[in-house]
Amino acid sequence: MRRKLAAGNWKMNGLAASLAEVEALAKAHPAPRSEVLICPPATLIAQMAWKAKGGPVMVGGQDCHPEASGAHTGDIAAAMLKDAGASHVILGHSERRADHGETDAVVRAKAEAAHAAGLVAVICLGETEAQRDAGTTLDVIGSQLRGSVPAGATAANTVIAYEPVWAIGTGRTPTLAQIAEVHDFLRADLATRLAGAADVRLLYGGSVKPSNAAEIFATSNVDGALVGGASLKAAEFGAILAALDAA
Ligand code: PEP
């Protein structure tokens with residue numbers, strides 16, 4: 001039985017005052033059936049982890065460096081995230097793949113570093129609109145999956161997030177049939193390579209909001225969501241969490 005997961009990606013948003021949203025979320029949903037994760041900017045991880053202690057909200061990073069330490073100005077090692085109170089780290093988000101040129105091999109190395117530090121890696125995959133229009137979605141997803149997910153991945157240390165690039169922050173979402181096609185493909189592909197693949201959580205991400213969450217969560221092999229914009233406010237993210245709990 002896969003426990004559902006509602007994960008929020010705050011991206012480059014949030015100051016200390018935003019921590020009130022986490023307190024409001026925990027107050028409104030003190031004991032959700034689903035797991036709840038918020039990945040704030042690195043500057044807020046330690047404070048958020050401290051405020052969330054003892055409650056339902058887990059805290060994660062948005063990236064880590066593949067190496068454990070060294071001369072990498074501005075970067076953060078996985079063990080530093082763990083030390084600050086994080087339990088998870090998002091890796092291979094399309095914004096990092098595009099803005100920082102992250103390849104599948106880099107994402108895989110980062111996932112290995114995350115696992116070595118005891119973090120759960122939330123590995124993101126997704127096709128561009130041009131790739132979908134060209135009919136290559138499953139080829140792209142399969143290649144990203146094989147390239148980005150390390151051999152040591154398990155249901156306990158890895159979550160996969162399918163995030164079509166064209167659906168992120170645009171208000172557009174794939175049809176439910178398109179989401180199901182990719183999630184069923186991911187489940188089948190993982191089963192050929194990982195022991196225990198049936199237990200790996202598969203999240204959908206891309207313009208999830210309270211109004212579309214229930215139908216997305218009822219879709220085949222969708223075990224939760226990675227949510228950007230709608231995770232910034234406790235009321236909106238809480239409504240998505242409630243839909244996941246009800247699914
Ligand atoms: C994301 O960036 O991971 C994301 C899904 O963003 P949004 O929900 O805003 O589309």
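The figures here come from the full heavy-atom set of this structure, side chains too, leaving out hydrogens, waters and symmetry mates. Predicted model only: the values in this text are computed from it and were never measured.
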J.: Under a 3.5 Å threshold, yes or no: a donor from one side chain and an acceptor from the other, between H115 and T154?
T.: no
J.: I'd like to know whether R146 forms a side-chain contact (heavy atoms from CB on, under 4.5 Å) with V149, so could you lay out the CA-CA distance, the side-chain angles of the two residues, the decisive distance to 0.1 Å, and finally the verdict.
T.: CA-CA 6 Å; R146 285 184 280 275; V149 177; over 6 Å; no
J.: Testing the basics here: between I76 and A42, what is the closest heavy-atom pair and its distance to 0.1 Å?
T.: CD1-CB, 3.4 Å
J.: When you measure from the side chain of T136 to the backbone N and O of D139, does any donor-acceptor pair fall under 3.5 Å?
T.: no
J.: Given W10 and Q62, is the side chain to side chain donor-acceptor pair (under 3.5 Å) satisfied, shown in steps?
T.: CA-CA 9 Å; W10 280 15; Q62 298 176 11; over 6 Å; no
J.: Does a side-chain N-to-carboxylate-O contact under 4.0 Å join R172 and E129?
T.: yes
J.: Which is it for H93 and D63 under the side-chain contact (heavy atoms from CB on, under 4.5 Å) test, yes or no, and what are the steps along the way?
T.: CA-CA 9 Å; H93 190 282; D63 178 48; over 6 Å; no
J.: Answer yes when D223 and R187 have at least one side-chain N-carboxylate O distance shorter than 4.0 Å, and no when they do not.
T.: yes
J.: To the closest 0.5 Å, what do you measure between CD1 (I240) and CG (D245)?
T.: 12.5 Å
J.: From T219 OG1 over to L202 CG, what is the distance, rounded to the nearest 0.5 angstrom?
T.: 12.5 Å
J.: Quick one: pull up CD1 in I38 and CD1 in I45 and give me the separation to the nearest 0.5 Å.
T.: 12.0 Å
J.: For the pair Y162 and H183, name the ring-plane relationship: parallel under 30°, tilted 30 to 60°, perpendicular over 60°.
T.: perpendicular
J.: Which atom pair, heavy atoms only, marks the closest approach of P40 to G60?
T.: CD-O, 3.2 Å
J.: Quick one: closest heavy-atom pair of A247 and F217, and the distance?
T.: CB-CB, 3.8 Å
J.: Grab the two heavy atoms, one from S207 and one from A167, that are nearest each other, plus how far apart they are.
T.: OG-O, 2.6 Å
J.: Could you pull out the closest heavy-atom pair between P32 and H29, with the gap in Å?
T.: CD-O, 3.2 Å
J.: Heavy-atom distance under 4.5 Å between the side chains of E181 and L176, does that happen here?
T.: no
J.: Please examine the side chains of L5 and L203, heavy atoms only from C-beta on, and report whether any two atoms are closer than 4.5 Å.
T.: yes
J.: Is there a donor-acceptor pair closer than 3.5 Å between any side-chain N or O of T158 and the backbone N or O of A155?
T.: no
J.: Any chance you could lay out the side-chain contact (heavy atoms from CB on, under 4.5 Å) test for V59 and C39, step after step, and finish with the verdict?
T.: CA-CA 6 Å; V59 179; C39 301; over 6 Å; no
J.: If you look at every heavy atom in A161 and V122, which pair is closest and at what distance?
T.: CB-CG1, 4.3 Å
J.: Please step through side-chain contact (heavy atoms from CB on, under 4.5 Å) for the pair I216 and V208, ending with a clear verdict.
T.: CA-CA 8 Å; I216 290 172; V208 175; 4.2 Å; yes
J.: Check whether any side-chain heavy atom of H100 lies under 4.5 Å from a side-chain heavy atom of E95, and answer yes or no.
T.: no
J.: Would you kindly confirm whether V182 and V222 end up in one hydrophobic cluster when ILVMFWY residues are joined by side chain heavy atoms under 4.5 Å apart?
T.: yes
J.: Does the pair E21 and S18 meet the rule for a side chain to side chain donor-acceptor pair (under 3.5 Å), with working shown?
T.: CA-CA 6 Å; E21 298 298 330; S18 318; over 6 Å; no
J.: So, applying side-chain contact (heavy atoms from CB on, under 4.5 Å) with R97, which one of V106, V165, D104 is it?
T.: D104
J.: Measure the shortest side-chain to side-chain distance between F237 and P210 over non-hydrogen atoms and say whether it is less than 4.5 angstrom.
T.: no
J.: When you group the ILVMFWY residues by side-chain heavy-atom contacts below 4.5 Å and let the links chain together, are V200 and L125 in the same group?
T.: yes
J.: If you measure from CD on E112 to CG on L91, what distance do you get to the nearest 0.5 Å?
T.: 11.0 Å
J.: Group every Ile, Leu, Val, Met, Phe, Trp and Tyr by side-chain heavy-atom contacts under 4.5 Å, then state whether V57 and V120 land in the same group.
T.: no
J.: OG/S34 to CZ/R3 distance, rounded to the nearest 0.5 angstrom?
T.: 7.0 Å
J.: Donor-acceptor check, side chain of Q144 to backbone of G126, threshold 3.5 angstrom: yes or no?
T.: yes
J.: With a 4.5 Å cut-off on side-chain heavy atoms, are P41 and N13 touching?
T.: no
J.: Does the distance from a Lys or Arg side-chain N to an Asp or Glu carboxylate O, for E236 and K209, drop under 4.0 Å?
T.: no
J.: Which residue is it: K4, R2, R201? I am looking for the one with a salt bridge (charged side-chain N to carboxylate O under 4.0 Å, His left out) to E35.
T.: R201
J.: Grouping I, L, V, M, F, W and Y whenever their side-chain heavy atoms are under 4.5 Å apart, do L138 and I123 come out in a common cluster?
T.: yes
J.: To the nearest 0.5 Å, tell me how far L81 CG sits from H65 NE2.
T.: 12.5 Å
J.: Inspect the contact between E102 and R96 and indicate whether a charged nitrogen and a carboxylate oxygen are less than 4.0 angstrom apart.
T.: yes
J.: Answer with yes or no whether the hydrophobic clustering places V107 together with V89; edges join I, L, V, M, F, W, Y residues whose side-chain heavy atoms lie under 4.5 Å apart.
T.: yes
J.: Could you tell me whether D189 and R193 make a salt bridge, using a distance below 4.0 angstrom between a side-chain N and a carboxylate O?
T.: yes
